Structures are given as structure tokens and as C-alpha cells.
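Below is one structure, written out as C-alpha cells; the observations come after it.
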2 protein chains.
Amino acid sequence: MDRRVTKKGDDASGKERPTLKTLAFMTGLGVTTVSRALKDAPEIGAETRRRVQLVAKQIGYRPNRAGVRLRTGKTNVISLVLNTEHELMSFVSDIIYGVTEVIADTPYHLIVTPYSRSQDPLDPVRYLVETGSADGVIISRTQPNDPRARYMLEHGVPFATHGRTDMGLVHPYHDFDNYAFAGEAVRALAAKGRSRLALVTPPVGLTYFRYTVNGFADALSEVGASEVPFNTVSIDHTIEQIRMRTAQLMRRDDRPDGIVSSAAAATLAVVAGIEDAGLKLGRDVDVVSKQSSEVLHLFRRELLVVNEDFRLAGYELARAVLGWIAGKEPGSLQSLSKPSEVLPYRG
Amino acid sequence: MDRRVTKKGDDASGKERPTLKTLAFMTGLGVTTVSRALKDAPEIGAETRRRVQLVAKQIGYRPNRAGVRLRTGKTNVISLVLNTEHELMSFVSDIIYGVTEVIADTPYHLIVTPYSRSQDPLDPVRYLVETGSADGVIISRTQPNDPRARYMLEHGVPFATHGRTDMGLVHPYHDFDNYAFAGEAVRALAAKGRSRLALVTPPVGLTYFRYTVNGFADALSEVGASEVPFNTVSIDHTIEQIRMRTAQLMRRDDRPDGIVSSAAAATLAVVAGIEDAGLKLGRDVDVVSKQSSEVLHLFRRELLVVNEDFRLAGYELARAVLGWIAGKEPGSLQSLSKPSEVLPYRG
DNA sequence: TTGGCAATCTGTAACGTTTCAGTATACTGA
DNA sequence: TCAGTATACTGAAACGTTACAGATTGCCAA
């Protein structure tokens, strides 16, 4: 059964969605001419061009995506690949808004491609590339040696990563300067007289784990503070795990008097753990935490925060992918965002 | 310029993505037969069918989406329409995961269609329908008389709403029972001896505003408590506004001794406002709040919470749209989820 | 033997777009 | 006047799929 109820043919009857054929009929031109006129091809007369574009605007012509895609292979789709277990809530929401802000006045659509714990992170990317489902891909949870980035480079698919890689390969990325963040955090704690510091790290294996750990370590020796190892958790752990292990840590004699936390959700658990151990934030221990929305100062005024803007990340990542698709040099599409100062609660 | 590097023709050379033509050549059958064999059409011999499907699986055939879409109009796309300013962070993240969980083993893709404050909420929906960009649509922020639902019904586009409508029209929805929530919240406060209650409402104009307000009012008279009007804010307001106005409210002589809050983010602000006014949670005032992830008890142990599961919402909404697309009765695709009990902090 | 019919299979056209290889017209220079 | 050429346009083919309208075969009843 055909899906259309009425034939279109050459009549200009009202209801059907206009196609190039409709425009060709209305203007008395050929389909080819109309197609070229709409994309400002040079061999079309100036008047004809204007006329076609006027009519097209009037009747609200929009190119059929399936037609374009079938003929050219261009999907006009950007895919955001997300881990359904380990992404931060605020990350998902904000990065999507950042991306959509950029593609709002382009023909691009955003599709969300999920993968779960059990899957190889390469799976969704392979799917996208094999089926040609997207013109560009955005991935997060980037690793120093990232198979997904390597795969897409090999297959010539434009992409951008949230976080850098370290494979000697050039590609667009946006990253938050976690080395600077950890350093600033340590210095802020040192300025408060704290000298025995622990770090709640990003997930081991991701690139920004290294940057964070290095920034932390370098600043420690710079200010002459020492590290209290806290390797049993990362921000990928559950609230309960972090809370419990923080409480354990804080009950030890050699407990830290300062903690640096890489994510707001983890910080909630850390503070709960501190209080479980009967200690008081700001008196017995200070905590510096990253956050992506202004919640931590409502939570505890004593917290010191550094802001990371995920909407900006989405914005930059989308611009980077689109830039690559448009032919710009991948190496010119890399950006690093500097952390804010370490901010205390302000009235 | 053609996008392909090598001709395909009749040779079975390796690199190109297989199409029906490839399968036809390999099996020695016609393209039509292959097409029908793959979708289990009745007029294909049992052995042929098995043979075709085996070969298809072997070489990893996947139908070209553009081809199908062009020919049939079927997009295999579900669109989630989101407001970029007013959705809750956790809502965006969780509902997306709920939806993707359902469509994971279907051919469907999820596209996110955003709209901003300045736009008519009907705009994105109109775009989707006019361009035929999706087989099904999910919308949130549903109103009693919702132009978007009406529009899609008129145009025969399957959709599901997060929240009910009240137009005498039947369509799939998933909703949280906010009437029950508000009622339970009031009863819990009454059980704690609170009798002068205020409500932080959902956004005025959305359907669940009404349900919440009615549940609140009915329970108030049931338990013999009175309402302290707090109409100056809703959960759509900024953290700062809610905090400031809560502080104002709590400094008045006739301040409430119990507050019901419709969202976790607002609750953070409410508590901050309470403390700004020099009052203490649990002593001077109790607060019952909805939340969609386990954060509030980390925030303040004195809070009473009710959980709303947005991932479930995404799951149910996706199932509903797919069901409608598959031909089920819209009226049979409606679900309401009951609130949990009102939960105090538990060790 | 023949007509009828069921069971399988097939070619063609069409969806809307872009590209290729033209064609028609007017203008140029000698 | 005429070839040569730039300008402006056009039809046909192709992308991969499905629907329609056959085509071929074998079998059975008359």
C-alpha cells in the first residue's frame, strides 16, 4: 500500500509537502535548475535564483532529509554517545543543551546513542560508523589511548572528544583544565593551613584522572603538603560506597585535614561520611569540590567550590565537530577551559 | 562528485556496505525476493527465507535507513521534545536513559528536539510533524489544554505526554500521581503536629500544578490544617528567588510550620531560605519534598522525601509511543505511578 | 489435453535529491 | 556570415528500499 492518499503529479494542489518537483512546476523550471538555484550554484541566472528562493520561502519548502541522505550520504545528524550508568546527571543535561544551542540554526539533528556498562564502549561508535548514521560524533569519558578516537580517525569520521587523548593523534577536543583545578584546590587548602590532603579522583583510566592526579601531586610538593592516599574510591562509585569509605578514612588517626573532590555528587557523599565520623566541615577538615551547578553552597556553606561549565563543553564540542565537518583543520578545533577561582560561600 | 570510490555493480567485492542488491547477487535471487524474505512475507518459500536470512546475518546486512525512509516515510525515529530552560537536570538525564532502554533493541533512534523560553512550545512539534522527522514524539510540561497534543492528534502523529491533559481527548501518557503525593505530604506533616502548611507548587499552567494543589487542599481539610499562601514562587523560579522569598515568608509572624516542595532543587533553596531566617529544620519547620535521586537526605537529614522515578517515566513513555505506532489503542497506553511513602532519614 | 490455480519468484516504478552529460540560446570576434 | 564559446537551463540516472503487477512453474480436476 502506498502511503500517500492523493496523487501529486503536476498539479499544485495544496496539502502535500512541497518538493523540488513542486517548485519546478510553480516556477516553470526544471528540477535540476531549482535544486541548483537553492544552493547558489554559479551557473544559475541571478534573477532565476532570487525567484526560486522567493517561491521556496513562500511555500515553506524544506529539503527532504531522506532524499538528501540517500543521494549524498549526508545525514545532517550529530550523535552524542553516552554511558547510561556513569555520566553525571548534570553533564547529560547541560551538554545536550550546549550542543543544541549550536545546531539550532543548522539543519543538524542531535541523536543520543547510549551504551551500558556491559558493552564495549567501542560498540556504539562502530555502529554509528558502519551504518553511516551520523556526520559527526561526540564522545565523553575519554581515555589516553582511546580506541574510539583511533577507530573514527581510521574511518575518516569527524568527531570531538570531551577530554584529551594521548596517542600522538590530532583531533578536536574540549577539556576542562583539571590539572589547574587540582592545583588551585590544593593551594586553597594550604592557604587555610591544611597540610594533609586526600583526593577523590575521577575514574581511573580516563585521561582527566591523570591530569587531576598530577595537578594534585605537583601542587602538594609546591606547598609542602602531604598526601593521604584515598585510592578506594573514585567519583564513579556509588554515593553509599563513597560515604562509607570516607567515614572509614576520617576515623583513622592519620586522617586528612583537607579533601579535594572531582564531582559534586561525590562531595555530598564525602561530607556525609565526614559527619558520620563525627567531624565538622570547616573546623576539622576543609573540602574543595568541582561542581557544575550552584548546589554545593546551599548544601554546606563551608565548602569551597570550583565551577565547571558543561553547557560550554557541549557548545564547544558541537562547534568543533561542525567545524571539522566543514573542512577546518582538526588541530585548530581544540579548546581547554580554565577553572574558576576557588570560591568560598558568599553571603 | 560521487561519494563512492569503487563501483559495486555485480561483483561481490568486499569493502562496500551490503545492500539488497548485494544479497540478491549472493543468493542468486531478485531484489524483491530478498526484501520480502527478510521481512517474513508469506509468499516466500521456507527454505529461501532461511537461506536469505542466513546470508544477511553472515555479512551483517543492515537496511539503509534513508532508503526505507524515502520509500515508506518511516523514520524509525522517536523525538524527545525538551525545554532548554525549565526542565530539571535529573529529568533530562533519567528520562533519556529510560527511553533509550526501551528502544535499545529496536531500530529506533532517539533525537532530542529543544526549544527555548522565547519560542512557542508548539514550534518544535510543528517542525517535527511538518517535516515528518519522527514516527513518534514525547513531550513534557503538559498542560490541561495542550495545543501540542491537540495538534499531533489532528495530524495523526503518535505521541505520549509526560503528564495528563484535560481536553476530553484520548492519548497515551505517563504521569506521577501528584495528587497523592501532595496528600501524603500533608498527612505526614500533620502526623508531626504541623498545622500551618505552605506549598511550593509546580509551574502554574501545567497539569500537575492542578493535581498538586488539589491534593494539597483536600488533605488540608481532611487533617484540619490550614494553608499559608506562598504563591510568589514555583519550582520554575531560580534558586535565588525561591531562597529569598522563602526567607521573607519565614520571617513573618504567620509563617508556616510545614512546607511541601515539588522538586529537589527548589527544596535546596527553601531550606537555605529557612536557615537565612534563623530557623531550624525539624524544630521550627518540617519540609516534605519530592526528589528524583537520593540527594536530599545527604543534604539535611531532617527532610522528608518522596521519590519520583524519571527513568521509569522515560521507559513508560517510550513503550507507550512505540505501542501506539504498532497500532495499539491509545487509551490502553496510559499509566500513573504512585508515589512512594513519605520517607524520613534512615541511618 | 487443457484450463485453472496456488506457490514462488521477478522487473519496474517510485519516493526526493544531486550529478553527469548534455542542449539551446545569445553573444563574441574575425 | 559563421565558428567558437560563455550562459542558462534540462533530462536521465542513481542512491536503497518497497509496492504493484506480472511471470513462471507444477499440480490438479475435468
Side-chain angles (χ1 to χ4, degrees), chain A residues 1-10 16-52 56 59 61-76 107 130-133, chain B residues 1-10 16-52 56 59 61-76 107 130-133:
Chain A
M1 189 186 48
D2 230 327
R3 76 181 189 282
R4 344 203 55 142
V5 179
T6 59
K7 292 278 162 47
K8 174 143 34 81
D10 276 351
E16 292 292 333
R17 187 148 97 93
T19 71
L20 287 182
K21 207 151 120 192
T22 320
L23 281 178
F25 176 71
M26 293 181 71
T27 55
L29 296 164
V31 199
T32 305
T33 310
V34 173
S35 172
R36 314 198 77 151
L38 287 177
K39 44 177 55 65
D40 289 318
E43 60 267 69
I44 301 297
E47 196 203 310
T48 307
R49 198 205 320 277
R50 273 189 294 111
R51 196 158 62 89
V52 171
I59 67 175
Y61 168 77
R62 289 167 184 280
N64 179 303
R65 312 189 117 235
V68 175
R69 181 164 171 179
L70 181 57
R71 175 64 233 235
T72 65
K74 181 132 215 268
T75 62
N76 285 306
E130 282 176 359
T131 60
S133 289
Chain B
M1 190 185 48
D2 231 327
R3 75 180 190 282
R4 345 202 54 140
V5 179
T6 59
K7 291 279 163 48
K8 173 147 29 84
D10 277 351
E16 293 292 332
R17 186 147 98 93
T19 69
L20 288 182
K21 206 150 120 194
T22 319
L23 281 178
F25 176 71
M26 294 180 72
T27 54
L29 296 164
V31 190
T32 304
T33 310
V34 173
S35 171
R36 316 199 75 155
L38 288 176
K39 42 176 59 65
D40 288 316
E43 59 267 70
I44 303 296
E47 195 202 310
T48 306
R49 198 208 319 277
R50 273 189 293 111
R51 196 158 60 89
V52 170
I59 66 175
Y61 168 78
R62 290 167 184 279
N64 180 303
R65 314 189 114 234
V68 175
R69 179 165 172 178
L70 182 56
R71 177 63 234 236
T72 66
K74 181 132 215 273
T75 61
N76 284 307
E130 282 176 359
T131 60
S133 289

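These figures come from a predicted structure and were not determined experimentally. Throughout, protein chains are lettered first and strands after them, A, B, ... in sequence-line order, and every chain is numbered starting at 1.
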Q | B:Thr19 side chain near D:dC15 phosphate (N/O to OP1/OP2, under 4.0 Å) | A | no
Q. Where the side chain of B:Tyr61 is defined as all heavy atoms beyond and including C-beta, which of D:dT17, D:dG16, C:dT17 is the nearest nucleotide?
A. D:dT17
Q) Looking at OG1 of A:Thr33 and CG of A:Leu23, how far apart are the two atoms once the value is rounded to the nearest 0.5 Å? A) 12.0 Å
Q. If you check the A:Thr32 side chain, which of D:dA19, D:dC9, D:dG11 turns out closest?
A. D:dG11
(Q) With a cut-off of less than 4.0 Å, is there a side-chain N or O of B:Thr72 near OP1 or OP2 of D:dT17? (A) no
Q.
Can you tell me which nucleotide in C:dT10, D:dT18, C:dT17 comes closest to the side chain of B:Leu20?
A. D:dT18
Q | 5'-most by nearest nucleotide on DNA chain C - B:Gly67 or A:Arg36 | A | B:Gly67
**Q.** Per B:Glu43 side chain, nearest of listed nucleotides C:dT17, D:dT17, C:dT8
**A.** C:dT8
Q: Taking the side chain as every heavy atom from C-beta outward, state whether B:Thr131 and A:Arg65 have any atom pair closer than 4.5 Å.
A: no
(Q) Would the distance check show the side chain of B:Arg36 and the main-chain N or O of B:Ile44 forming a donor-acceptor pair, the cut-off being under 3.5 Å? (A) no
Q. Is a donor-acceptor contact shorter than 3.5 angstrom present between the side chain of B:Arg71 and the base of D:dT18?
A. yes
Q. How is A:Gly28 classified with respect to the nucleic acid when contacts are heavy atoms under 4.0 Å: base, sugar-phosphate, or nothing?
A. sugar-phosphate
Q | D:dG16 phosphate, OP1 or OP2, under 4.0 Å from B:Lys21 side-chain N/O | A | no
Q: Could you work out which one of D:dA8, D:dT10, D:dC15 sits closest to the side chain of A:Thr48?
A: D:dA8
(Q) Of the options C:dT18, D:dT10, C:dT10, whose atoms approach the side-chain atoms of B:Thr33 most closely? (A) C:dT10
**Q.** Close side-chain approach of B:Arg69 to B:Asn76, heavy-atom, < 4.5 Å
**A.** no
Q. Atom CZ of A:Arg51 to atom C1' of D:dC9: distance rounded to whole Å?
A. 12 Å
